[in-house]
Amino acid sequence: MATATATVSDEEIQREVLEELKWDARVQPNEVGVAVKDGVVVLTGWVDSYLKKWAAERAAHNVRGVAAVANDIEVQPRLLTNATTPTLQQPQPERWNGMR
C-alpha cells in the first residue's frame, strides 16, 4: 500500500522557519536570515552567543519538510565596556593584620 506524501514548497518552509524563530525568545527576528533551496535551510546572520545559534538551528529542524540545515550564523560576543566591567578590590592590609 502506497502512502501519499505532501511536498512542502521552499517558500512555505521559509515562512514556517521564520515563524518558529519568532516563538523563541532567545533569538531576535532581525538577527537571523533564512533561505531555502530544495528543502535545505540556510541560516545566516550574527548573534552574540552560541546558545542563540543553536536555538535557531533547532527551530529550523522543527519545521516539517526541512531536509537539512546549514547553520552559517556567526557568533560575535558583545564586548564589555569599562562601565560594565567588574573591578576587583585589592585586599586591605589592615584586615589581615588581626588574623595572624
Side-chain angles (χ1 to χ4, degrees):
M1 180 165 151
T3 58
T5 58
T7 59
V8 182
S9 71
D10 289 343
E11 292 80 16
E12 190 174 351
I13 292 172
Q14 181 184 34
R15 188 172 39 256
E16 290 191 25
V17 169
L18 290 169
E19 279 297 314
E20 191 76 21
L21 288 170
K22 285 181 188 176
W23 281 100
D24 195 324
R26 295 170 291 192
V27 182
Q28 300 300 313
N30 62 335
E31 292 178 314
V32 178
V34 179
V36 183
K37 174 90 169 139
D38 298 327
V40 176
V41 175
V42 179
L43 302 173
T44 58
W46 294 271
V47 294
D48 60 6
S49 72
Y50 282 97
L51 179 67
K52 289 183 176 185
K53 178 176 179 165
W54 298 327
E57 184 173 342
R58 252 181 266 121
H61 278 293
N62 287 338
V63 173
R64 182 178 54 89
V66 171
V69 176
N71 192 343
D72 292 338
I73 296 173
E74 294 184 36
V75 177
Q76 296 179 343
R78 292 184 193 169
L79 297 176
L80 294 176
T81 63
N82 286 340
T84 61
T85 304
T87 58
L88 297 175
Q89 293 182 344
Q90 295 297 322
Q92 301 299 319
E94 58 274 5
R95 288 186 184 171
W96 300 106
N97 287 341
M99 296 186 157
R100 288 187 181 165

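Hydrogens, waters and symmetry mates play no part in the numbers below; they use all other heavy atoms, side chains included.
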key: Members besides Val41 in its Ile/Leu/Val/Met/Phe/Trp/Tyr cluster (side-chain heavy atoms under 4.5 Å)   = Val8, Ile13, Val17, Leu18, Leu21, Val27, Val32, Val34, Val36, Leu43, Val47, Tyr50, Trp54, Val63, Val66, Val69, Ile73, Val75
query = In the hydrophobic cluster built from side-chain contacts under 4.5 Å, what are the other members alongside Trp23?
reply = none
Identify, with sequence neighbours excluded, every residue that meets salt bridge (Lys or Arg N to Asp or Glu O under 4.0 Å) alongside [X].
X     : result
Lys22 : Glu19
Glu31 : Lys52
Arg15 : none

Candidate pair His61 and Glu20, rule side-chain contact (heavy atoms from CB on, under 4.5 Å), full reasoning = CA-CA 10 Å; His61 278 293; Glu20 191 76 21; over 6 Å; no
ask   = Which residues satisfy the side chain to side chain contact (heavy atoms under 4.5 Å, CB included) test with Glu74, sequence neighbours excluded?
value = Trp46, Gln76
What residues form a side chain to side chain donor-acceptor pair (under 3.5 Å) with [X], not counting sequence neighbours?
X     : result
Gln14 : none
Arg58 : none
Asp24 : Arg26

ask   = Just by modelled atom types, is the Val42 backbone N or O under 3.5 Å from a matching donor or acceptor in the Asp72 side chain?
value = no
key: Flag, side chain of Asp10 to backbone of Gly39, donor-acceptor distance under 3.5 Å   = yes
message = With salt bridge (charged side-chain N to carboxylate O under 4.0 Å, His left out) as the rule and sequence neighbours excluded, what pairs involving residues 32-43 come up?
response = none
